[in-house]
There are 2 protein chains.
Amino acid sequence: MAEQAQYEQYEELARQLGAVGIVKRGMGRILPPDCPAGSAGVLALLGRHGDMRMSRLAELLSVDLSVTSRHVAHLAARGWLERLPDPADKRSRILRLTPAGVNLLDELYRRTTHLLAERLSDWSDDEVGQLIRLMTRLRASFGECRSTANRHPAPLGPGSQPDPGPVAKTTRTPAST
Amino acid sequence: MAEQAQYEQYEELARQLGAVGIVKRGMGRILPPDCPAGSAGVLALLGRHGDMRMSRLAELLSVDLSVTSRHVAHLAARGWLERLPDPADKRSRILRLTPAGVNLLDELYRRTTHLLAERLSDWSDDEVGQLIRLMTRLRASFGECRSTANRHPAPLGPGSQPDPGPVAKTTRTPAST
DNA sequence: TATTGTTATACTCTATAACTATA
DNA sequence: TATAGTTATAGAGTATAACAATA
């Protein structure tokens, strides 16, 4: 493909990525009170992968550990999950859904699928599958390297070539020492 | 397809939608200072569709007019766009990119396509095209009806059937009167 | 009276940094 | 010294409501 055409394709992709916010906000509106989208994401991952540590959850969410901690605290305060001590490492905590959490997750599952079934009524199963496959791959293409992007982007500069910058391997705030 | 399998597919789709945040944050990191993602979106739409009114822009962004107003004010304060009077309606304002705004947009375009070319180096053009097509359609399936969802979702309730609720046609906060 | 756009306020999500307690 | 997790703070994005100017 001609380079020019490919670049236009990338531009269009960027535009559509921004538009996904519309869909996400639409899904957010059907969530019950006290369970915002971030919390729902935690519940979904615990339901899918089972008990895990904070750090693993943060990795699956691709979000800083501090953010994960807040979501988890929110859920724990409402009795939807427990933070059990890890016998192997006293610094660590094992996250586990409570029965109430499982019920809530089930309810979220019902509402979500109901909404999608309504909105995507004219989609074929194959198309939905394609979209899932491509989005999963997109996430993989981006998620593997966090912070390869400029941390301090150049103000403007004409022929600016975004140089790779340092690569970080973790979801973790770098230690200040 | 069996209903059960289809529902699992919807569940997976919901999960992958959440994961798009990773990609969007990755793209946000290459933006120049003083031009956050929201502003970049405004620039992109003005570049693509040309001069327009606030209300049209809000509609294209699928975001409340108040939000649009803030983004636009941010860009106008930095000289990237002008708010011209509309000869046909003195309440309205016509938005137009300044030369500086066009330059900035060009720079954003370069950075974005560069990043995508790097990350999607192992994607075929056809795959990228497919993803764009499906995401565009997804947006259409959701964007057409804002607020069909529950505005005040039921707390929990077992067999809750999310009833459609009132349909709003605009991006507008309803008048309080 | 209805519509266009602005502003004030509040809430969610996120990242950074500083801190604790373990390892 | 390094790691797991918590908390405080700040920034971006959004929605709601109240308001001014015009239609």
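In what follows, chains carry the letters A, B, and so on, assigned in the order in which the sequence lines appear, proteins first and then strands, with residues in each chain numbered from 1.
- In the region residues 38-54 of chain A, proximity to DNA chain C at under 4.0 angstrom, judged on heavy atoms, holds for A/G38.
- Taking atom CG of A/L65 as the reference point, atom C1' of C/dA15 lies 12 Å away to the nearest angstrom.
- Side-chain N/O atoms of A/D64 and A/S66 include a donor and acceptor closer than 3.5 Å.
- Between A/D34 atom CG and C/dT12 atom C1' the separation is 13 Å, expressed in whole Å.
- Side-chain N/O atoms of B/R25 include one lying less than 4.0 angstrom from OP1 or OP2 on C/dA15.
- A straight line from CZ of A/R93 to P of C/dT22 spans 11 Å, rounded to a whole angstrom.
- Although no hydrogens or angles enter the test, the distance criterion places a donor-acceptor pair under 3.5 Å between the side chain of B/R111 and the main chain of B/I30.
- Not one side-chain nitrogen or oxygen of B/T68 sits closer than 4.0 Å to the OP1 or OP2 atom of C/dG5.
- The distance from atom CG of A/L57 to atom P of D/dT6 is 11 Å, rounded to the nearest whole Å.
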Only pairs under 3.5 Å count here: list side-chain donor-acceptor contacts from residues 94-102 of chain B, not counting sequence neighbours, and write none if there are none.
from  : atom 1 : to     : atom 2 : distance (Å)
B/R96 : NE     : B/D51  : OD2    : 2.5
B/R96 : NH2    : B/D51  : OD2    : 2.7
B/T98 : OG1    : B/G79  : O      : 2.6
B/T98 : OG1    : B/W80  : O      : 3.3
B/T98 : OG1    : B/A100 : N      : 3.4
B/T98 : OG1    : B/G101 : N      : 3.0

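- Look at CD1 on A/I94: it is 8 Å from P on D/dG5, rounded to the nearest Å.
- With values rounded to the nearest 0.5 angstrom, B/R137 atom CZ is found 7.5 Å from B/R133 atom CZ.
- Nearest nucleotide to the side chain of A/S66, out of C/dT14, C/dT16, C/dG5: C/dT16.
- Looking only at distances, a side-chain donor or acceptor of A/T136 sits under 3.5 Å from a matching main-chain atom of A/I132.
- For the pair A/T113 (side chain) and A/R110 (backbone), a donor-acceptor distance under 3.5 Å is present.
- Between the NZ atom of B/K90 and the P atom of D/dA21 there is a distance of 14 Å, rounded to whole Å.
- Atoms CZ and CG, on A/R56 and A/L60 in that order, are 4.0 Å from each other to the nearest 0.5 Å.
- Residues from residues 81-89 of chain A that place a heavy atom under 4.0 Å from any atom of DNA chain C, listed by number: A/D89.
- One atom, CZ of A/R70, and another, P of D/dG11, lie 16 Å apart when rounded to the nearest Å.
- For B/H71, a side-chain nitrogen or oxygen approaches OP1 or OP2 of D/dT14 to under 4.0 Å.
- Under a hydrophobic clustering in which Ile, Leu, Val, Met, Phe, Trp and Tyr are joined whenever their side-chain heavy atoms come within less than 4.5 Å, directly or via other members, A/V63 and B/I22 fall into different clusters.
- Here B/A37 lies in heavy-atom contact (under 4.0 Å) with sugar-phosphate atoms only.
- Judged by closest nucleotide on DNA chain D, A/R91 is the one of A/R91 and A/S69 placed further toward the 5' end.
- Per the geometry, CG belonging to A/D64 stands 15 Å off C1' belonging to C/dC19, to the nearest Å.
- The pair A/K90-A/D86 does not meet the salt-bridge criterion, since no charged nitrogen lies less than 4.0 angstrom from a carboxylate oxygen.
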